[in-house]
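Written out below as structure tokens is the structure these notes cover.
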Amino acid sequence: MSACVPTRATQPTDSATPERLHQPHSPPPAPRRRFHLAGADVSASIAVFLIALPLSLGIALATGAPLQAGLVAAAVGGLVAGRFGGSALQVSGPAAGLTVVTADLIHRYGWRTTCAITVLAGLAQLGLGCLRVARTALAVSPAIVHGMLAGIGVTIAVAQLHIVLGGTPQSSVLANLLALPAQVAAGRPAALVVSALTLTLLFLWPRLPGRAGRLLRKVPAALVAVSGATAVASLTGLTLPRVELPSWSSHALAGLPEGPALGLVAAVLTITLVCSVQSLLGAVAVDKLVAARAASPDGAEPTDGTSSAAIGSASPTGSASPTGSTTAAASPATAPSAPRVARSDLDRELLGQGAANIVSGALGGLPIAGVAVRSSANVRAGAVSRNSTMLHGVLVVVAALLMVPILELIPLASLAALVMAVGIQMVSLHHIRTVTRHREVLVYAVTTLGVVFLGVLQGVALGIAVAVATALHRLAHTRITHDEKEGVHHVRVRGQLTFLAVPRLSRALHLVPHGAPAVVELDGSFMDHAAYETLQDWQKTHTAHGGTVEFGGRRPGLRIAEPVIPHADEDADCRCGPWTPWRNHQCDLTSLVPATTDDADRRRTDTVTAISTNTSTNTETATGPGTHAPTRTRTAAAENTTLESAGAKSADVPPDDTDDGRNRDTDRKETDPPPTAHQLVRGISAFQRNTAPLVRDELERLAREGQRPSQLFLTCADSRLVTSMITSSGPGDLFVVRNVGNLVPLPGEASGDDSVAAAIEYAVDVLEVRSITVCGHSGCGAMQALLNAEPGEAHTPLKRWLRHGLPSLERMADDGRPWARLAGRAAADAVEQLCLTNVVQQLDHLRAHASVDRALRAGALELHGMYFHVGEAQAYLLTEGKVFDHVRPVDVPA
């Protein structure tokens, strides 16, 4: 039985039996719902149609196909792929990523054979969908995909530049470059004027300022650019080549393929590969956009560009295209009760794309794939079902039949300028920075140059070969060095530690003399069994001869902690490493004084070396509110692969039942530092050993560039509030001001506090932060002191400071004002109610500061209220209705 045909239970032959049966012990099937077209789908379809119409004509022009072929592909992509595809909101049609491939096929085999190749590619996609191999297509290295698209973008831009200048493009990039000087010398002013006007409108329209600009930006920039250029060309009477749409009766359909069999097979494989990878990556990107839209407070996707980056990083056509950036406010956002959009079924998406290519090729249309610009416009315009995609296809059909006289007024130079801009945007700086950060520039560059000068299939093949060679090189190439600094021997390992590197590792380790202190730095994410045993055996031997070993690394992934075998005169180490062992963190102060000989002997006996490996690489982007810092290596030791001693923590030494801890203090020498000093020194030492190597590069960058935080975070001085932890932020992200009670004194008071005002002024006027957050917390001692204050008490410094919180008390006592509250429950007690009210009151105090007021009026600053419940480890954000609502885990776009 075919893998595509679902098995069905045999139906009874009795005519009285209902046609639809349901299994026993299951609810009856739901009644068949009537067709319902949501208003959000209608408005979204119009927005997508206005983008698709000029782009479809422009892509058809760039390929050298009949212009009607672009309209056919757009209509079929909306109706067929939209109906049968696995991604409800992805919009399919002629894609810029297919332009070079299609143009080459038309040049080699002619239009009718190209249509036949499109049909065969659709059949191949159906076969791949039946085999359910869609997920494997996502295994292609992103550097190869981005390099392929960059190469295609360069090819498109160079070819369309000739039409922009009023000429005709050549058959290859090299020929176009060689012919460019002559084309510039023979430039036609009319074509240049129309092209320049198109590009100007295309890039300036999304940047219109003010309230009027927000309204005008609802109209897509691509439509405005082409319409404006067409109107100017028509009103001024410029003589230019224009769109020609012959009668549909003469439209060429697919014919039998003609040409060498090997070449045809290669062409089919190329179309199948490009269409499939682009569509599948686009479907994944659409899922991310839908998740981001659902996570926003009002159910609509944010329009600050965040989601555009998501589709740019996952979708092959890039995110920065000006043709898609104008649809952020194309329609009212979906309400929070909008229907849930299911995640994409990638195998079904492949089947839908295959069916669409079969129909498009048979009807004389261009090859079809998922298109990022239209898909992102569809999601951001509020679409809630596949009806928007299908309705956009209907609108394209109507335009192709009824708007021919209007379409024939469009100058070809305007369409060429539009497509050239799309090609330029396909060379994404975001993608280049990403591959640079992951050391895949060579793969990206080879793929791009291969596509530009050899062809898409050859460029992709070269990219795959270089990617495989790079992976093998990284696995086999390990750099091991040994040096001595101030009596400490350092052995550094850079790269993956496999059996191939064991001989060199052994030589380096044996250069460390017996009894000498040694530090082994492991910079890599993988260690095989042979390397593990080598390190373990050497560690045991070296420590048995009186030496010490510390293991660390510049990257998370491999950290080895030495067995705790302290000498009689050494201090027991509190091995509470950063973040992960921080859980239930209770350092026993008695373990911070010198250990006795008996203690040392007992610990030496109980020491067991345990090795656990975690071969995953761990890097993450700081995602604190407003974070704009680049991706950095995470400093949490939770990510580290550890070879640590089971006796490493102070809890391994059971306290003496006969000693309450006071005897240890009396037995200490007068010259010994106090336990708190030991704790400070141990904490600094742990930072220098474990964390400093991980953050050194980032801190060096911050030292060079200076601080550029995105947010002022004003919170309480309570020791339980770890701001970097609860906001997942890193060095340089937050400008933090802490005081008792997270208070913001009003400006201009005779006895006011200038330190807070100075910090606010510096953050807003000098650092130009984009947001200020006032964060209160549960169990605040300052709020408790405010509630318990009695008139006539002595004016201590604390009492004088807390007077800035009296307006919060008055606000809470005012029955005319609605109380700030938590979503879903009432405040636990008066202290919690005052904590919530205080956050709202301090935000009002912030607005009274001149620098804050100026920035708010200029739209350059946002104010946020936050409440952190310490016991629940739950953050709440203040909404417009003075309700602190939960911050729930969401899928953040990549």
Side-chain angles (χ1 to χ4, degrees), residues 292 295-297 302-307 309 620-632 634-635 695 698-699 701-703 705-718 721-739 741-745 755-777 838-868 874-880 884-890 892-893:
S296 61
T303 58
D304 58 358
T306 303
S307 58
E620 77 169 17
T621 304
T623 56
T627 294
H628 66 285
T631 300
R632 59 174 61 84
R634 189 172 182 174
T635 62
V695 299
E698 180 65 14
L699 292 179
R701 182 187 67 80
L702 291 173
E705 300 176 1
Q707 62 169 333
R708 291 182 296 176
S710 60
Q711 178 176 175
L712 167 60
F713 200 84
L714 199 153
T715 188
C716 186
D718 193 292
L721 261 70
V722 186
T723 57
S724 60
M725 181 175 68
I726 64 178
T727 60
S728 296
S729 53
D733 291 340
L734 301 181
F735 186 72
V736 181
V737 175
R738 306 184 70 142
N739 60 51
N742 47 276
L743 300 177
V744 181
S755 66
V756 177
I760 294 171
E761 180 181 348
Y762 183 75
V764 175
D765 292 342
V766 180
L767 299 179
E768 297 181 346
V769 296
R770 297 195 298 271
S771 70
I772 302 178
T773 300
V774 176
C775 177
H777 68 96
N838 184 58
V839 172
V840 178
Q841 184 64 37
Q842 302 312 313
L843 288 174
D844 289 347
H845 288 185
L846 266 175
R847 296 183 182 94
H849 285 258
S851 57
V852 175
D853 182 61
R854 286 194 303 270
L856 288 174
R857 284 189 281 105
L861 184 67
E862 295 179 352
L863 300 185
H864 301 287
M866 177 176 168
Y867 177 74
F868 184 74
Q874 173 66 54
Y876 299 81
L877 284 181
L878 181 64
T879 63
E880 293 294 335
F884 287 83
D885 201 0
H886 290 268
V887 177
R888 297 175 178 84
V890 296
V892 180

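Owing to the predicted nature of the structure, the values given are computational and were not obtained by experimental measurement. Reckoned from all heavy atoms, side chains included, excluding hydrogens, waters and symmetry mates. In this chain, residues are counted from 1 in sequence order.
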Which atom names give the shortest non-hydrogen contact between [X] and [Y], and what distance separates them?
| X | Y | value |
| --- | --- | --- |
| E698 | P731 | OE2-O, 4.5 Å |
| A855 | V764 | CB-CG1, 3.9 Å |
| N742 | G776 | OD1-CA, 3.7 Å |
| A757 | H849 | CB-CE1, 3.7 Å |
| V737 | A759 | CG2-CB, 3.6 Å |
| G741 | C716 | N-SG, 3.4 Å |

Checklist entry - Under 4.0 Å between a Lys/Arg side-chain N and an Asp/Glu carboxylate O for R854 and D765? => result yes

Do [X] side-chain atoms and [Y] backbone N/O form a donor-acceptor pair below 3.5 Å?
| X | Y | answer |
| --- | --- | --- |
| R857 | V852 | no |
| D844 | Q841 | no |
| N838 | L743 | no |
| R770 | S710 | no |
| Q842 | V744 | yes |

Quick one: pull up [atom1] in [X] and [atom2] in [Y] and give me the separation to the nearest 0.5 Å.
| X | Y | atom1 | atom2 | result |
| --- | --- | --- | --- | --- |
| L714 | H845 | CG | NE2 | 12.5 Å |
| L877 | T773 | CG | OG1 | 8.0 Å |
| L861 | I772 | CG | CD1 | 4.5 Å |
| F868 | C775 | CZ | SG | 8.0 Å |
| Y762 | S851 | OH | OG | 13.5 Å |
| L843 | H864 | CG | NE2 | 10.0 Å |

Next on the checklist: Would F713 and M866 count as a side chain to side chain contact (heavy atoms under 4.5 Å, CB included) here? Give the steps.
Outcome noted: CA-CA 10 Å; F713 200 84; M866 177 176 168; 4.0 Å; yes

Checklist entry - Is the Y876 to H886 ring centre distance short of 6.0 Å? => result yes

Checklist entry - Can you check side chain to side chain contact (heavy atoms under 4.5 Å, CB included) on F735 and Q711, steps first, answer last? => result CA-CA 6 Å; F735 186 72; Q711 178 176 175; over 6 Å; no

Item to check | Check: T723 and R738 side chains under 4.5 Å, non-hydrogen atoms | outcome: yes

Checklist entry - Does any non-hydrogen side-chain atom of S729 lie less than 4.5 Å from one of L734? => result yes

Item to check | Chi angles and distances behind the side chain to side chain contact (heavy atoms under 4.5 Å, CB included) call for L863, R847 | outcome: CA-CA 9 Å; L863 300 185; R847 296 183 182 94; 3.6 Å; yes

